[in-house]
Amino acid sequence: MEAFLPGAPLDISSILELLERTAQKYPKKEAIISVDPHTLKFGILTHLDVKNLSLQTAALLNNLGIKKGDSFAILMHNCAEVLLFELAG
């Protein structure tokens, strides 16, 4: 990933591998910064947070009976949690 060029393939086999690599390499670096438009409060998730929360979200989906390859809808405002569901699905 160090030599990433736009359009060049990444040397990863899964989203999980990407999350694990970035969490290991940049555990405390900001990965997602969000702002609530109503309160203007900031939310910051580090790469380690994103990995851990994505795994927890995947476990939640699994507990709901949603398995790998299943389709599901995300009906939410555009927020950081939507990205976590996309990474987990």
Side-chain angles (χ1 to χ4, degrees):
M1 290 185 8
E2 297 268 342
F4 175 76
L5 297 173
L10 293 176
D11 184 25
I12 57 168
S13 61
S14 67
I15 295 295
L16 179 57
E17 182 182 345
L18 177 64
L19 291 172
E20 288 174 342
R21 279 189 192 183
T22 55
Q24 182 178 14
K25 190 169 184 176
Y26 310 107
K28 295 182 181 178
K29 187 172 171 104
E30 296 91 352
I32 299 173
I33 301 172
S34 60
V35 179
D36 183 325
H38 303 292
T39 64
L40 298 180
K41 290 185 180 179
F42 284 83
I44 297 173
L45 296 175
T46 66
H47 285 281
L48 184 59
D49 294 334
V50 170
K51 182 194 98 169
N52 292 337
L53 290 169
S54 295
L55 290 173
Q56 290 175 8
T57 304
L60 169 72
L61 293 172
N62 193 21
N63 289 338
L64 292 172
I66 299 170
K67 306 289 185 223
K68 183 177 180 176
D70 288 350
S71 296
F72 64 95
I74 304 170
L75 301 173
M76 300 173 71
H77 292 285
N78 190 10
C79 58
E81 289 80 5
V82 171
L83 182 55
L84 296 174
F85 272 97
E86 290 176 355
L87 291 170

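Since the structure is predicted, the reported quantities are computational estimates derived from the model, not experimental observations.
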Problem set entry | Distance-minimising heavy-atom pair for A88 and A58 | CB-N, 3.4 Å
Problem set entry | From L55 atom CG to L19 atom CG, the distance as rounded to the nearest 0.5 Å | 7.0 Å
Exercise. Taking only residues two or more places apart in sequence or in another chain, which ones pass side chain to side chain donor-acceptor pair (under 3.5 Å) with K41?
Worked result: none
Problem set entry | Spacing of CG belonging to D70 relative to CG belonging to L61, to within rounding of 0.5 Å | 10.0 Å
Exercise. In Å and rounded to the nearest 0.5 Å, what is the CZ to CG distance from F85 to L75?
Worked result: 11.0 Å
For this session: Flag yes if M76 and I32 sit in one hydrophobic cluster, no otherwise; membership is Ile, Leu, Val, Met, Phe, Trp, Tyr, and two members link when side-chain heavy atoms are under 4.5 Å apart.
Result: no
Problem set entry | Side-chain donor/acceptor of T46 to backbone N/O of P27, under 3.5 Å | yes
For this session: Using atom types as modelled and distance alone, determine if a side-chain donor or acceptor of N62 lies under 3.5 Å from a backbone N or O of A59.
Result: no
Exercise. Does E17 CD have over 12 foreign heavy atoms under 6.0 Å away?
Worked result: yes
For this session: Could you state whether I15 and L53 fall into the same hydrophobic cluster, counting links through intermediate Ile, Leu, Val, Met, Phe, Trp or Tyr residues with side-chain heavy atoms under 4.5 angstrom apart?
Result: yes
Seminar exercise, completed: In this structure, CG of D49 is separated from CD of E30 (nearest 0.5 Å) by 10.5 Å
Exercise. Testing T22, L18, L16 for side chain to side chain contact (heavy atoms under 4.5 Å, CB included) with E20, which one passes?
Worked result: L16
Exercise. Under a single-linkage definition using a 4.5 Å side-chain heavy-atom cutoff for Ile, Leu, Val, Met, Phe, Trp and Tyr, are I74 and L45 assigned to the same hydrophobic cluster?
Worked result: no
Problem set entry | Under the side chain to side chain donor-acceptor pair (under 3.5 Å) test, residues paired with N52 that sit two or more places apart | none
Exercise. Say you draw a straight line from NZ of K28 to NE2 of H47; how long is it, rounded to the nearest 0.5 Å?
Worked result: 14.0 Å
Exercise. Looking at D11 and R21, what are the two nearest heavy atoms and their distance?
Worked result: O-NH2, 2.8 Å
Exercise. Can you tell me how far OG1 of T57 sits from CD of E86, rounded to the nearest 0.5 angstrom?
Worked result: 11.5 Å
